[in-house]
**Q** 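This is the structure I have questions about; it appears just below.
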Number of protein chains: 2
Amino acid sequence: MARPADPNAQGALIAAARKEFVRAGVKGARIEDITHACGLSKGAFYLHFDSKEELFGQVVGEFMALVQKRVKAREEDITAFFMRNGPLREQDVRKKSARHEAFLALEVKHDRGLLETIWNYRDIFDVLMRGSQGTAFDGLVWEMVQREIERIKDSFEIFKQYGACRTDVPSEIFGSLVVGTYLLVAKQMSLLQAPPNFDLWVESLHRLIREGSAPPLQPQRQAKARRAGGKVTMQRRNKRSRP
Amino acid sequence: MARPADPNAQGALIAAARKEFVRAGVKGARIEDITHACGLSKGAFYLHFDSKEELFGQVVGEFMALVQKRVKAREEDITAFFMRNGPLREQDVRKKSARHEAFLALEVKHDRGLLETIWNYRDIFDVLMRGSQGTAFDGLVWEMVQREIERIKDSFEIFKQYGACRTDVPSEIFGSLVVGTYLLVAKQMSLLQAPPNFDLWVESLHRLIREGSAPPLQPQRQAKARRAGGKVTMQRRNKRSRP
DNA sequence: GCCATTTCTAACCCGCGGGTCATAAACTGC
DNA sequence: GCAGTTTATGACCCGCGGGTTAGAAATGGC
């Protein structure tokens with residue numbers, strides 16, 4: 001053996017490519033720009049990948065596998081929960097019973113997990129969303145979105161049957177609200193350098209979605225970070241001023 | 001004068017181009033595909049437009065002008081409202097006072113109007129969202145989204161000061177929820193043939209955002225269409241079954 | 001040092017698609 | 001029908017960027 005290959009080359013190429021994809025989309029990214037960004041020549045690219053699409057596909061593959069795992073884990077957890085505890089009823093929600101709280105905790109946990117997964121691939125997520133039209137990856141996120149809407153719609157429908165949620169809005173609308181919210185939050189992450197306070201975000205969203213934006217009857221405690229991961233970006237604290 | 005120009009040519013080109021943009025994005029759309037789709041030759045395209053970007057820009061310009069008008073109209077209406085009525089207070093929201101209801105009606109009206117505008121350009125909106133990365137139009141919708149989040153954040157913050165909304169969630173999060181929801185709903189419109197029931201959608205969203213998804217204490221009436229525009233797509237009626 | 005071997009470079013090829021233009025076609029006025 | 005004028009065509013040009021490859025560079029084994 002002779003002339004060992006540059007061990008960082010592949011990693012550097014992937015990193016540079018991800019940046020280029022963000023800048024110009026899958027179609028718009030130029031291989032020469034990618035290689036120049038890490039001091040390599042165009043030819044070097046083809047020592048590691050067949051095409052930029054293949055590279056993108058690899059990273060997307062990793063990402064989607066992780067997401068898939070998350071989705072499956074949630075499904076299992078949720079079905080296990082209902083097997084063990086039976087459906088939530090109106091009184092569970094009204095009185096915030098232990099079962100209800102346990103269910104919420106489960107949802108929070110999985111929402112947080114999904115957000116964290118997306119955080120690590122927020123650049124790719126961004127590109128899938130806004131820069132892969134007309135490529136093989138076209139529609140990937142949007143199909144995922146559709147499936148999630150469907151899932152939430154079905155879940156909402158079951159809740160309706162037991163009076164555990166309001167019945168005066170179409171379930172699809174609720175699905176769009178939840179998924180749209182998380183979708184934008186995920187997209188917004190692509191603008192951040194440091195990870196946000198996931199707990200604050202998820203807890204706030206859950207509170208809003210569950211209880212609405214109108215002032216509650218009970219006294220309010222601030223949604224707070226259990227575990228402030230990294231620098232907190234949305235640390236705005238409410239002043240609770242009231243004239 | 002001799003040989004009058006085909007009077008539908010320009011319109012046909014625009015229509016065909018919009019379809020192509022949806023299929024392949026701004027970059028991916030090919031001029032020959034556009035012209036062939038309306039039985040014209042490539043050269044004919046350049047009798048009407050300098051480039052596909054110029055064509056796209058024209059339509060985007062129309063769209064953004066309409067949106068701008070809507071945004072400005074809302075701003076004026078809202079400031080006029082607060083000039084006339086003063087800020088909403090906790091009791092307005094709690095008791096659903098006339099002022100509060102008037103304010104809500106205003107918001108509903110403008111949300112509905114914006115959705116209707118987007119409806120007419122839902123294809124363009126879709127392309128701006130997911131198929132204009134790396135072009136001059138890159139980021140247009142996302143900047144709009146950012147501005148809207150900011151607007152809602154500011155408004156929420158004022159509400160907080162008067163106790164007219166919950167104070168235990170960051171205002172940005174609320175902004176992301178509202179804008180994300182409408183963003184996804186707008187995007188979903190690109191999949192529909194016939195216009196949805198705007199009133200049902202907007203009223204349901206308002207109800208959810210204001211009061212949350214948990215079952216309310218008051219008896220629920222179905223959100224209904226005042227004016228069912230066209231075929232209603234999300235007409236699912238709730239069964240209100242409760243075991 | 002020198003060969004063998006693998007890595008890496010940069011010049012090259014080539015197809016695709018945007019943009020042009022000589023030419024043909026269509027129409028008006030006479 | 002003919003001249004004049006505007007519209008439309010499609011062959012052509014050409015640059016850009018993906019992919020290839022001959023050969024240079026680097027390194028290990030001897």
Side-chain angles (χ1 to χ4, degrees), chain A residues 1-60 124 127 131-138, chain B residues 1-60 124 127 131-138:
Chain A
M1 231 239 282
R3 178 150 195 189
D6 180 351
N8 341 13
Q10 178 136 338
L13 282 172
I14 292 177
R18 287 170 73 151
K19 272 201 198 105
E20 274 308 301
F21 288 138
V22 168
R23 202 183 54 75
V26 177
K27 274 195 168 103
R30 275 164 297 175
I31 292 181
E32 288 207 83
D33 288 348
I34 295 170
T35 51
H36 275 104
C38 36
L40 291 172
S41 68
K42 184 154 83 164
F45 184 89
Y46 292 95
L47 297 171
H48 300 277
F49 307 98
D50 288 343
S51 64
K52 57 181 175 181
E53 284 79 13
E54 200 237 19
L55 191 165
F56 189 68
Q58 276 189 23
V59 186
V60 168
I124 296 296
V127 175
S132 60
Q133 197 184 20
T135 73
F137 311 96
D138 198 2
Chain B
M1 230 241 283
R3 179 154 192 187
D6 179 351
N8 342 16
Q10 179 136 339
L13 282 172
I14 292 177
R18 288 170 73 151
K19 271 202 197 105
E20 274 307 300
F21 288 139
V22 168
R23 201 183 55 75
V26 177
K27 275 196 168 105
R30 274 164 299 176
I31 292 181
E32 289 207 82
D33 288 348
I34 296 171
T35 51
H36 273 103
C38 36
L40 292 171
S41 67
K42 183 153 86 164
F45 184 89
Y46 292 95
L47 296 173
H48 300 277
F49 307 98
D50 288 343
S51 64
K52 58 181 173 179
E53 284 79 13
E54 201 237 19
L55 191 166
F56 189 68
Q58 277 190 23
V59 187
V60 168
I124 296 296
V127 175
S132 60
Q133 196 184 19
T135 73
F137 311 96
D138 197 3

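A note on names: the letters A, B, ... follow the listed sequences, proteins ahead of strands, and every chain is numbered from 1.
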**Q** Give the nucleotide from the list dG19(C), dT9(D), dT20(D) with an atom nearest to the side chain of Tyr46(A).
**A**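 The listed nucleotide nearest to Tyr46(A)'s side chain is dT20(D).
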
**Q** Quick check: does any side chain N or O of Ser51(B) sit under 3.5 Å from a backbone N or O of Glu54(B), one acting as donor and the other as acceptor?
**A**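 Yes: the side chain of Ser51(B) pairs with the backbone of Glu54(B).
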
**Q** Need to verify one output field. Residue with the more 5' nearest nucleotide on DNA chain D, Gly28(A) or Gly43(A)?
**A** Gly28(A)

**Q** Taking atom C1' of dG19(C) as reference, at what distance in whole Å does atom NE2 of His48(B) sit?
**A** 16 Å

**Q** Which listed nucleotide (dG19(C), dG18(D), dT28(C)) is nearest to the side chain of Ala2(B)?
**A** dT28(C)

**Q** Of all heavy-atom pairs between His48(B) and Leu13(B), which one has the smallest distance, and what is that distance?
**A**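 Scanning both residues, the minimum pair turns out to be CD2-CD1, 3.6 Å.
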
**Q** Would you indicate what Ile31(B) reaches in the nucleic acid, counting non-hydrogen atoms under 4.0 angstrom: base, sugar-phosphate, or nothing?
**A**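 Sugar-phosphate contact only - Ile31(B) comes under 4.0 Å of backbone atoms but never of a base.
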
**Q** Nearest whole angstrom, please: distance from the P of dG15(C) to the CD of Glu32(B).
**A**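 Taking CD of Glu32(B) and P of dG15(C), I get 17 Å after rounding.
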
**Q** Have a look at Ile34(A) and tell me which of Lys42(A), Lys19(A), Arg18(A), Glu20(A) forms a side chain to side chain contact (heavy atoms under 4.5 Å, CB included) with it.
**A** Glu20(A)

**Q** Give the nucleotide from the list dT20(D), dT7(C), dG18(C) with an atom nearest to the side chain of Ala5(A).
**A** dT7(C)

**Q** Counting distance alone, no hydrogens or angles: does the base of dG18(D) have a donor or acceptor under 3.5 Å from a partner atom on the side chain of Lys42(A)?
**A**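 A donor-acceptor contact between them is present.
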
**Q** Could you tell me whether the side chain of Lys27(A) and the main chain of Gly131(A) form a donor-acceptor pair under 3.5 Å?
**A**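 No: the side chain of Lys27(A) does not pair with the backbone of Gly131(A).
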
**Q** What verdict does the side chain to side chain contact (heavy atoms under 4.5 Å, CB included) test give for Phe49(B) and Gln10(B), after you've listed the backbone C-alpha separation in whole Å, the side-chain angles of each residue and the deciding distance to 0.1 Å?
**A** CA-CA 9 Å; Phe49(B) 307 98; Gln10(B) 179 136 339; 4.1 Å; yes

**Q** Expressed in angstrom and rounded to an integer, what is the separation of Lys52(A) atom NZ from dG17(D) atom C1'?
**A** 8 Å

**Q** For Phe45(B) and dG10(D), give me the distance from atom CZ to atom P, rounded to whole Å.
**A**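 Rounded to whole Å, this separation is 17 Å.
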
**Q** Once you round it to whole Å, what is the distance between C1' of dC16(C) and NZ of Lys27(A)?
**A** 13 Å

**Q** Counting only side-chain heavy atoms from C-beta out, which of dA8(D), dG17(D), dG18(C) sits nearest to Arg30(A)?
**A**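 For Arg30(A), the side-chain atoms sit closest to dG17(D).
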
**Q** Look at the side chain of Arg3(A) against the base of dT7(C) and say whether a donor-acceptor pair falls under 3.5 Å; ignore hydrogens and angles.
**A** yes

**Q** Between C1' on dT9(C) and CG on Leu13(A), what's the gap in Å once rounded to a whole number?
**A**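 Roughly 14 Å, once rounded to whole Å.
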
**Q** Expressed in angstrom and rounded to an integer, what is the separation of Phe49(B) atom CZ from dG18(C) atom C1'?
**A** 16 Å

**Q** In this structure, how many angstroms lie between the P atom of dG18(D) and the CG atom of Asp33(A), rounded?
**A** 9 Å

